[in-house]
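Working notes, beginning with the structure itself.
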Amino acid sequence: MILVKLIEDDNGLSSPPEWAAVEVQGELETRRHTPLECQYVGDLFATIQDGVPILIIGHHILYGKAQTFEKPFAVMKKKLDADEYVVEAIVTKKLLFKNRPKPIIACHSNDL
Amino acid sequence: MSQNEVSYYVRTAEDVKKVIEHAKLSENDLKPNVQPIYFGETFENYKLLQLDEHILADLKCGQTVVFKGDHKESAVLCTKTKTYDVKEAETSNSILLLPELTFPDEKFNNTELTSRKIVGIFHKYLEVKPCKPRLSKLRNLLKNCSYKGSELEKEVLATCEMYTFEHLSAKIQASDNELKYALKEMGAFQIDGYWRVLDFEYECRALSFLLNLIDEQSWPYNTIPMDETLNILCELLPPVILQHIIDQYSTWCVSSNLSKTHRSLIEDKVCRFMAIGLLRPCDKFNLTDFKTAWQGSVPEGMVTNLKQLDGTVLVDQSSHPQTICYFNEQDLPDDILERFVCLFQVRNKWTFNEIQPFLEKLSTDKLNVNTLLAKYTRATTDVDGVRVYCSRYSSTT
């Protein structure tokens with residue numbers, strides 16, 4: 001039997017924070033397969049008109065949309081000292097980038 | 001650069017301007033807040049659990065939900081009232097988790113770069129689907145420590161494991177509310193805090209004390225004076241058992257002048273118990289003989305009816321003479337597929353009315369008996385024009 005609980009602080013159980021998800025196709029990896037920790041991934045923009053999220057990763061541009069998960073997720077972490085999971089956050093919204101990334105062709109004026 | 005002096009790249013406003021230009025975007029079309037995204041320093045060992053609105057609401061108001069199941073069982077998740085099947089689902093997409101992120105529809109006035117951190121990448125999550133509680137184990141656990149009478153109780157206590165509600169809740173794949181309901185339905189009761197059922201032979205004996213008394217005193221079965229009954233039977237049965245038998249097989253009389261002093265036997269329950277008592281010891285019973293014996297075994301005034309035995313017997317109308325045998329729905333597997341295998345082993349063709357009592361408990365709002373049949377069986381029409389259901393896996397007979 002494994003319990004799933006909220007974080008308990010001095011005031012008792014506290015409502016978990018809301019985290020966000022970004023969903024992309026396939027895998028994220030670095031060119032040289034170095035560990036991902038602390039690495040820069042890309043820039044997230046949004047258009048003024050329609051609020052379309054735009055993610056630029058390396059030489060790729062991705063257009064996405066904001067969505068609500070049909071069923072939300074609980075983010076759980078196993079406690080080391082007990083058969084217990086603690087719910088650290090709830091995720092209900094995501095930015096979904098489901099289209100294939102488009103390449104950006106860098107083109108400097110002096111290349112022309 | 002050696003491995004331990006990695007210096008991490010940090011985004012500047014200049015870099016961002018450049019990339020906008022490269023991508024042939026116009027800064028004027030974009031909101032001023034740009035969020036450069038980085039991976040966090042460490043990825044915690046998080047698990048994603050899919051929720052439905054009930055689980056979410058329960059968690060939010062501070063209720064604990066519980067994964068249940070031993071190594072041989074597939075896991076379920078239980079809230080206080082519901083049970084869910086849990087399965088690991090995979091997605092080819094990557095789900096990145098960010099504790100902080102501004103969505104396009106959210107107001108955000110910072111025009112500086114706002115760094116955001118990914119704390120985990122996921123391709124798997126735990127998927128939940130509402131399911132029926134799995135209760136066959138409960139029946140087995142309680143049968144193993146059933147109450148066999150005061151003279152044998154010492155031995156039972158010494159040799160069998162006993163279960164409190166907390167023990168059962170930890171072992172049984174059901175929510176606490178479903179477990180309470182199941183205990184009530186199977187006629188379990190507590191002795192000194194432990195949940196018990198009566199051994200069948202013992203229950204026959206205990207109930208017959210009550211029925212014999214009613215017969216001797218010529219009381220109508222629906223007007224039994226309680227004080228007198230308790231006074232006489234307390235010589236024969238321990239108080240907790242006597243009370244249990246009375247609770248199980250009778251209710252207070254409805255008419256107001258008797259509603260606190262007299263009880264009425266529950267006709268269907270008594271009839272069913274007597275039928276099981278007749279059928280259990282033998283393989284098959286001639287249906288006509290059985291009906292006569294059964295009617296003779298119940299208290300004066302009660303009317304037996306095969307409908308009372310739905311889900312506890314099989315009637316074979318195709319044999320000559322027709323027969324009836326004991327076949328209890330409660331002894332069938334909880335798993336739908338396994339249950340159909342069992343049902344089709346016993347009989348290869350079923351009509352709707354025959355099979356319905358053995359499937360009813362597995363049906364849900366979304367999957368009623370008709371849908372279950374459509375999903376797991378093959379329907380044909382036999383020579384008499386009756387619709388029958390047979391196994392999908394057997395050759396047509």
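Per chain, numbering begins at 1; letters A, B, ... match sequence-line order. Because the structure is predicted, anything quoted here is derived from the model rather than measured. Computed over heavy atoms, backbone and side chain alike; hydrogens, waters and symmetry mates excluded.
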*Can you tell me how far the CG atom of B/Leu126 sits from the CZ atom of A/Phe73, to the nearest 0.5 Å?*
9.5 Å
*chain A: which of B/Leu101, B/Val34, B/Ile37 shares the most heavy-atom pairs with it under 4.5 Å?*
B/Ile37
*Can you find a heavy atom in the side chain of A/Leu44 that is under 4.5 Å from one in the side chain of B/Arg116?*
no
*Sort A/Glu88 into side chain, backbone, both or neither according to what part of it lies under 4.5 angstrom from a heavy atom of chain B.*
side chain
*Compare every heavy atom of B/Thr42 with every heavy atom of A/Glu37, then report the nearest pair and how far apart it is.*
CG-CA, 4.1 Å
*When you look at NZ of A/Lys71, are more than 12 heavy atoms from neighbouring residues, nucleotides or ligands closer to it than 6.0 Å?*
yes
*asked:* Taking CD in B/Glu21 as the centre, count heavy atoms belonging to other residues, nucleotides or ligands within less than 6.0 Å. Is the count above 12?
replied: no
*Hey, which of B/Thr102, B/Ile118, B/Leu96 has the most heavy atom pairs under 4.5 Å with chain A?*
B/Leu96
*Determine the option with the most heavy-atom pairs under 4.5 angstrom with chain A, choosing from B/Ala75, B/Gly120, B/Ala170.*
B/Ala170
*Heavy-atom count around A/Lys78 NZ within 6.0 Å, excluding the residue itself: above 12?*
yes
*Tell me, side chain or backbone of A/Tyr85 under 4.5 Å from chain B's heavy atoms, or both, or neither?*
side chain
*Which atom of B/Arg11 lies closest to which atom of A/Asp43, heavy atoms considered*: NH2-OD2, 2.6 Å
*Validate the cation-pi geometry between A/Lys93 and B/Phe103: distance from NZ or CZ to the six-membered ring centre under 6.0 Å, angle to the ring axis within 45°.*
yes
*asked:* Once rounded to the nearest 0.5 Å, what's the spacing between atom CG of B/Leu97 and atom CD of A/Glu23?
replied: 11.0 Å
_4.5 Å side-chain heavy-atom contact, B/Asp15 and A/Tyr40_ = no
_Residue, of A/Ile57, A/Val41, A/Asp83, that accumulates the most heavy atom pairs under 4.5 Å with chain B_ = A/Val41
_Proximity breakdown for B/Leu51 and chain A, heavy-atom pairs closer than 4.5 Å_ = both
*Could you tell me which portion of B/Tyr125 (side chain, backbone, both or neither) has an atom closer than 4.5 angstrom to a non-hydrogen atom of chain A?*
side chain
*asked:* So for A/Val87, is it side chain, backbone, both, or neither that comes closer than 4.5 Å to the heavy atoms of chain B?
replied: side chain
*With a 4.5 Å heavy-atom cut-off, do B/Val66 and A/Ile2 have their side chains touching?*
no
*Mind ranking A/Gly42, A/Ala21, A/Ala74 by heavy-atom pairs under 4.5 Å with chain B and telling me who comes out on top?*
A/Ala74
*Of the backbone (N, CA, C, O) and the side chain (C-beta and beyond), which part of A/Ile56 lies under 4.5 Å from a heavy atom of chain B, both, or neither?*
side chain
*Heavy-atom distance under 4.5 Å to chain B: side chain of A/Val22, backbone, both or neither?*
both
*Answer with side chain, backbone, both or neither: which region of B/Glu41 has an atom nearer than 4.5 Å to a non-hydrogen atom of chain A?*
both
*In terms of heavy-atom pairs under 4.5 Å, which option from B/Val10, B/Val128, B/Val65 contacts chain A the most?*
B/Val65
_Engaged part of A/Pro17 at the chain B interface, taking heavy atoms whose separation is under 4.5 Å_ = neither
*Measure the NE2-CD1 distance between B/His22 and A/Ile61 for me, rounded to the nearest 0.5 Å.*
12.5 Å
_If I take atom CE from residue A/Met76 and atom CG from residue B/Leu48, how far apart are they, to the nearest 0.5 angstrom?_
8.0 Å
*Heavy-atom pairs under 4.5 Å with chain A, option from B/Pro104, B/Ser94, B/Ser115 with the top count*: B/Ser94
_Contact class of B/Asn28 relative to chain A, heavy atoms under 4.5 angstrom_ = backbone
_Less than 4.5 Å to any heavy atom of chain B: does that hold for the side chain of A/Ile54, its backbone, both, or neither?_
side chain
*Calculate, to the nearest 0.5 Å, the distance between atoms CG and CD belonging to B/Asn93 and A/Glu27 respectively.*
10.0 Å
*Considering residues, nucleotides and ligands other than B/Glu88, do more than 12 of their heavy atoms fall under 6.0 Å from its CD?*
yes
_Only pairs of heavy atoms separated by less than 4.5 Å count here; which of B/Leu56, B/Leu59, B/Asp52, B/Asn45 has the most with chain A?_
B/Leu59
*By a 4.5 Å heavy-atom criterion (distance strictly below it), what part of B/Glu73 contacts chain A: side chain, backbone, both, or neither?*
neither
_Heavy-atom check, side chain of B/Leu30 versus side chain of A/Thr47, under 4.5 Å_ = yes
*When heavy-atom pairs shorter than 4.5 Å are enumerated against chain B, which of A/Gly51, A/Cys38, A/Gly26, A/Ala66 gives the highest number?*
A/Cys38
*Could you tell me which portion of B/Ile20 (side chain, backbone, both or neither) has an atom closer than 4.5 angstrom to a non-hydrogen atom of chain A?*
side chain
*For A/Leu3, is it the side chain, the backbone, both or neither that has a heavy atom under 4.5 Å from a heavy atom of chain B?*
both
